[in-house]
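Reviewing the structure listed below.
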Amino acid sequence: MAFLKILFLIIAIVIVLVVLIVGLVLFALWVKIQVGFEYAPGLKKFWVKYGIIKLKIYPEMFTEKKKAKRAKLMGRLRSWFGPTIDKLTKKAKNTASEKMAESKEKTSAQKDFDTEVFIREEEARIATEEARLDVELPRAEAQYEAAVKAEEAGKPWPEVVNKKEASKIDDIKTSFQAADVPGTFDKVKDFLSGFSFDSIVALITSLGSTTGTTLGKVAKKINIKRLNVGLVIGGDDAAETALKFGRIGAVLYPALGKITNSLTVGDVSLDMTPDYLANKNSGEIHTVIALRPLTLLTPFIGMVPKLGKSAFVFYRDYKETKKANKEMN
């Protein structure tokens with residue numbers, strides 16, 4: 001009888017501990033997280049706020065004093081858990097490298113496919129709109145000749161989205177998905193350190209493409225409290241400035257449209273101004289994004305029974321296969 005009382009007491013204590021742990025985890029996931037970023041000429045700020053706790057990341061965490069402090073802490077951790085940390089770090093980097101290579105292969109294949117689809121659509125469109133093309137052809141030829149002359153003069157028209165900045169964002173995504181925390185930290189640092197006008201354009205276009213695909217059901221759970229972008233478009237002459245203004249607007253406005261349609265947005269604006277006296281582009285961005293981690297998990301709760309059933313079927317098939325192999329031997 002005493003043994004049963006002790007057993008029931010132990011079970012009760014375990015249940016209470018489990019309930020407390022689950023409650024603490026749910027509360028931790030329920031607390032709102034806010035991410036803020038500001039960029040303007042002479043200004044770069046990046047911070048994260050968890051509930052009422054605000055953590056200033058950039059540039060505060062990248063001072064020489066902070067670097068020395070992190071290096072000292074990492075030295076202590078390595079002296080205690082050196083082999084384990086090295087093993088986990090190496091595994092994370094290898095996984096990130098593999099995923100990065102796979103991502104680049106998929107991106108290349110997708111580009112080839114998109115190019116093929118685009119060519120076929122263009123062929124069909126040209127076949128059905130010859131009359132309209134006859135009107136537009138002289139203007140297209142003039143733009144082509146202007147582009148050729150710009151290339152010959154050593155001043156080719158730039159790409160709307162800077163490939164180098166877009167590649168940095170892709171690398172950050174890949175490292176994050178591979179759970180490579182040190183690698184993600186370094187890549188974010190590199191992206192913020194060189195943040196510029198091109199970074200703004202690449203960031204908005206990347207976010208626009210991501211909201212329509214990757215985020216899916218959880219998109220509406222993310223609240224963009226503020227996304228104010230101001231761009232000043234300049235060039236060597238008025239014609240180049242006008243062309244750049246049109247081409248950049250043709251990319252950014254649809255991307256912002258996808259963002260506003262997919263996410264919960266508050267203050268969102270894009271102010272583009274052509275400056276015919278400036279010879280280069282400039283811009284600024286102010287954004288605050290808020291979310292509750294718990295709400296991001298709710299769309300997947302319905303998948304739990306299905307995953308449990310799949311796991312049971314897999315285990316059953318595994319046991320039957322193991323039994324059949326044993327009988328054959």
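Position 1 is the first residue of the sequence, and the numbers go up from there.
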Are [X] and [Y] packed together at the side-chain level, in the sense that at least one heavy-atom pair is separated by less than 4.5 angstrom?
X: Val35; Y: Phe46; value: yes
X: Glu165; Y: Phe191; value: yes
X: Trp47; Y: Val288; value: yes
X: Val268; Y: Val229; value: no
X: Leu270; Y: Leu231; value: yes

Stepwise side chain to side chain contact (heavy atoms under 4.5 Å, CB included) check, Leu192 with Lys44:
CA-CA 8 Å; Leu192 292 177; Lys44 286 182 189 176; 5.8 Å; no

Shortest non-hydrogen contact from [X] to [Y]?
X: Thr241; Y: Pro274; value: CG2-CB, 4.1 Å
X: Ile57; Y: Val48; value: CD1-CG2, 3.4 Å
X: Lys66; Y: Glu60; value: CG-O, 3.2 Å
X: Gly194; Y: Ser199; value: O-OG, 3.8 Å
X: Pro254; Y: Gly249; value: CD-O, 3.8 Å
X: Phe245; Y: Thr273; value: CE1-N, 4.1 Å

Would you kindly confirm whether [X] and [Y] end up in one hydrophobic cluster when ILVMFWY residues are joined by side chain heavy atoms under 4.5 Å apart?
X: Val14; Y: Ile21; value: yes
X: Tyr39; Y: Val232; value: no
X: Leu291; Y: Phe27; value: yes
X: Val25; Y: Val22; value: yes
X: Ile13; Y: Ile10; value: no

List the steps and the verdict of side chain to side chain contact (heavy atoms under 4.5 Å, CB included) for Tyr50 and Leu55.
CA-CA 8 Å; Tyr50 178 77; Leu55 181 63; over 6 Å; no

Closer than 3.5 angstrom, by distance alone: can the side chain of Ser167 be matched with the main-chain N or O of Lys164 as a donor-acceptor pair?
no

Atom [atom1] of [X] and atom [atom2] of [Y]: how far apart are they, to the nearest 0.5 Å?
X: Leu207; Y: Ile259; atom1: CG; atom2: CD1; value: 4.0 Å
X: Asn228; Y: Asp267; atom1: CG; atom2: CG; value: 4.5 Å
X: Ile33; Y: Arg292; atom1: CD1; atom2: CZ; value: 10.5 Å
X: Ile289; Y: Gln34; atom1: CD1; atom2: CD; value: 10.5 Å

Check the pair Phe197 / Lys280 against side chain to side chain contact (heavy atoms under 4.5 Å, CB included), numbers first and verdict last.
CA-CA 10 Å; Phe197 174 92; Lys280 64 178 182 178; over 6 Å; no

Answer yes or no: are there more than 12 heavy-atom neighbours, outside Leu20 itself, under 6.0 Å from its atom CG?
yes

Are more than 12 heavy atoms from other residues, nucleotides or ligands located less than 6.0 Å from atom NZ of Lys45?
no

Leu227 and Ile285: side chain to side chain contact (heavy atoms under 4.5 Å, CB included), yes or no, with the steps?
CA-CA 7 Å; Leu227 178 57; Ile285 180 172; 4.0 Å; yes

Under a 3.5 Å threshold, yes or no: a donor from one side chain and an acceptor from the other, between Lys244 and Asn281?
yes

Please determine which of Ile169, Leu256, Ile200, Val251 meets the side chain to side chain contact (heavy atoms under 4.5 Å, CB included) test together with Thr205.
Val251

Can you name the one residue among Lys32, Lys56, Lys54 that meets side chain to side chain contact (heavy atoms under 4.5 Å, CB included) with Lys49?
Lys54

